[in-house]
Every structure is written in structure tokens, then in C-alpha cells.
Amino acid sequence: NEGGLAFEQDISSPHALLLTDAGGTLTIFPDGTVSDPSAFSITGDTYTLLRDITVAYPDSLGILIQKGNIVLDGNGHNISAVGPYYWGRGIMISGYGLSNIKIKNFSISGFRSEGMVLIGAIFSEISNSTFTNNGYGVYLGGTQYCAVSSSTFISNMYGIYAAGQNDTIDANIIKKS
């Protein structure tokens with residue numbers, strides 16, 4: 001609704017109201033366009049995030065990638081879930097056979113499902129990112145020749161789950177996961 005906010009609230013008794021910047025999933029579509037152009041700086045095939053993302057119900061996902069042959073640079077920004085029992089995901093690659101996706105420089109926290117999930121991705125990599133207090137820090141399912149490197153995993157239920165073929169896990173720090 002063009003950045004506006006409208007709501008009704010009964011103020012006859014005290015209660016809390018939580019307002020967040022959660023505005024829906026940021027999507028990189030197959031044709032390279034994005035759902036919110038103000039969220040990214042785009043140079044060629046590199047998508048650089050320009051702000052932190054808070055994911056709250058009813059949204060279930062921070063960033064959805066539907067395009068191959070790109071670099072997604074978190075630029076040091078955070079993707080975090082609101083609420084202690086939130087089951088969403090920080091970043092997801094959606095589409096079997098998407099390839100050559102490089103994801104780097106993120107901090108992802110608070111997701112009871114996965115901080116980052118790659119399903120069916122090929123020749124893709126995750127690097128230089130931090131995953132804290134997620135169910136799975138990174139979940140690789142049905143992937144081929146993907147890599148997770150130079151990242152830090154702290155207090156996740158599971159640091160990295162890899163159920164692909166010829167995937168590489170290298171030079172990561174995993175603590176309390």
C-alpha cells in the first residue's frame with residue numbers, strides 16, 4: 001500500500017504493538033528483476049543488499065533467489081527473524097538446476113528452520129557469512145558441487161546439513177552447533 005500503514009487497535013486496555021520493517025519476501029526473479037528495487041544496488045549480475053531485513057509472521061522468507069549466474073552480496077547486513085518460535089528462512093534458492101549463485105557477506109539469525117537453504121542448486125557457493133541461533137545454519141539438499149566456506153556458525157541446532165553430491169565444506173568456524 002505505497003508505504004502507508006493503517007490499523008485499528010482497541011486502546012481500552014494496555015497491550016504491546018510491534019512494528020517491523022518486514023515488508024514481504026525480497027525476490028530476485030528469473031528475469032533478473034527484483035520485488036523491491038530500493039532493497040538492492042544492482043551492477044551487472046551482482047545484487048548488493050542495501051539494508052537489514054527483519055522477517056516476521058506472516059512472511060516466511062527474507063530473500064528468495066529464482067535466478068542463476070548471480071552474486072548476492074549481503075554487504076554486512078543482517079537478516080533476522082522476529083519471535084522466539086519463528087519457522088521461516090533467511091535466504092532460499094528456489095528451483096532445481098539453478099547454478100553459479102554466489103552468496104556472501106551476510107549475518108543470519110533467529111530462524112528455527114534454516115538460516116539459508118539451497119535446494120537443487122549446482123556450482124553455487126556460500127562464503128564469509130555468520131549464522132547464529134538458527135535450526136540449520138545452512139541446509140544443502142539435492143545440491144551438486146556447492147561450497148560453504150569461510151563462514152561462522154554459532155549456537156545453531158545444526159551448523160551445516162549437506163545432502164548433495166560433491167559439495168565442499170571448508171574453512172568454517174562452528175561453535176555450539
Side-chain angles (χ1 to χ4, degrees), residues 25-35 39-53 55 60-81 87-177:
T25 299
L26 296 176
T27 303
I28 301 173
F29 295 107
D31 65 0
T33 60
V34 295
S35 59
F40 299 99
S41 169
I42 304 169
T43 305
D45 289 325
T46 299
Y47 295 73
T48 303
L49 189 64
L50 298 176
R51 65 175 187 246
D52 291 347
I53 300 171
V55 180
S60 62
L61 187 55
I63 298 175
L64 176 62
I65 301 169
Q66 298 179 328
K67 177 179 176 33
N69 300 306
I70 66 166
V71 174
L72 176 59
D73 186 346
N75 198 27
H77 287 287
N78 301 307
I79 300 178
S80 58
W87 286 93
R89 296 175 169 123
I91 298 175
M92 181 175 184
I93 292 178
S94 173
Y96 274 86
L98 285 179
S99 63
N100 299 311
I101 299 169
K102 294 177 177 33
I103 304 170
K104 63 183 182 176
N105 303 324
F106 278 94
S107 178
I108 300 178
S109 63
F111 293 94
R112 294 295 166 239
S113 191
E114 299 96 6
M116 191 178 300
V117 60
L118 283 66
I119 302 293
I122 303 170
F123 295 107
S124 295
E125 60 187 69
I126 299 165
S127 65
N128 299 312
S129 295
T130 301
F131 301 87
T132 309
N133 295 320
N134 299 292
Y136 293 90
V138 170
Y139 184 101
L140 305 174
T143 52
Q144 297 178 42
Y145 301 98
C146 290
V148 180
S149 65
S150 303
S151 292
T152 302
F153 297 83
I154 302 170
S155 298
N156 298 285
M157 180 76 69
Y158 304 97
I160 303 169
Y161 176 84
Q165 297 177 1
N166 301 304
D167 292 333
T168 304
I169 313 292
D170 187 45
N172 297 290
I173 297 170
I174 301 176
K175 297 179 182 179
K176 298 181 183 177
S177 293

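Nearest heavy atom pair, residue L26 against residue S35, reads CA-OG, 3.4 Å.
Two residues are said to be in side-chain contact when any heavy atoms from C-beta on lie closer than 4.5 Å; F131 and E114 fail this criterion. You'll find the side chain of S177 stays beyond 4.5 Å of the side chain of Y158, heavy atoms only. Residues L118 and I101 form no side-chain contact, since every pair of their non-hydrogen atoms from C-beta on lies 4.5 Å or further apart. Within the 4.5 Å cutoff, the side chain of I174 has no heavy atoms near those of the T152 side chain. A heavy-atom distance below 4.5 Å is found between the side chains of I108 and M116. The shortest side-chain heavy-atom distance between V55 and F111 falls under the 4.5 Å cut-off. Side chains of T130 and F153 form no contact here, defined as non-hydrogen atoms less than 4.5 Å apart.
In this structure, CD in Q66 is found 6.0 Å from OG1 in T27, a value given to the nearest 0.5 Å. Rounded to the nearest 0.5 angstrom, Y136 OH and Y161 OH are separated by 6.5 Å. Between I91 atom CD1 and L72 atom CG the span is 5.5 Å, to the nearest 0.5 Å. Note that the CG atom of L140 and the CD1 atom of I126 stand 5.5 Å from one another [nearest 0.5 Å]. Once rounded to the nearest 0.5 Å, the distance linking CD1 of I79 with OG of S109 reads 9.5 Å. The distance from the OG atom of S127 to the CZ atom of F106 is 10.5 Å, given to the nearest 0.5 Å.
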### Task
Would you please test I28 and I70 for side chain to side chain contact (heavy atoms under 4.5 Å, CB included) and show each step?
CA-CA 10 Å; I28 301 173; I70 66 166; 4.0 Å; yes
### Query
After noting the C-alpha distance and the side-chain angles of Y47 and V71, does the key distance pass the side chain to side chain contact (heavy atoms under 4.5 Å, CB included) rule?
CA-CA 6 Å; Y47 295 73; V71 174; over 6 Å; no
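In this structure a side-chain-to-backbone donor-acceptor pair under 3.5 Å is present from S151 to S149. S99 places no side-chain N or O within 3.5 Å of a backbone atom of I122 that could act as its donor or acceptor partner. Between the side chain of N134 and the main chain of M157, no donor-acceptor pair closer than 3.5 Å is present. In this structure, the side chain of Y139 does not engage the main chain of S113 through any donor-acceptor pair within 3.5 Å. Side chain of D31 to backbone of T33: a donor-acceptor contact under 3.5 angstrom is found. In this structure a side-chain-to-backbone donor-acceptor pair under 3.5 Å is missing from R51 to H77. Judged purely by atom type and a 3.5 angstrom limit, N78 has no side-chain atom pairing as donor or acceptor with the backbone of D52.
With sequence neighbours excluded, the residues satisfying side chain to side chain donor-acceptor pair (under 3.5 Å) with N69 are N100. Under the rule for a side chain to side chain donor-acceptor pair (under 3.5 Å), N128 has no partner lying at least two apart in sequence or in another chain.
A donor-acceptor pair shorter than 3.5 Å cannot be found between the side chains of N105 and N75. If you check the side chains of T48 and D73, you find no donor sitting under 3.5 Å from an acceptor.
For the side chain to side chain donor-acceptor pair (under 3.5 Å) with Y145, the qualifying choice from D167, T168, N166 is N166, the only one to do so.
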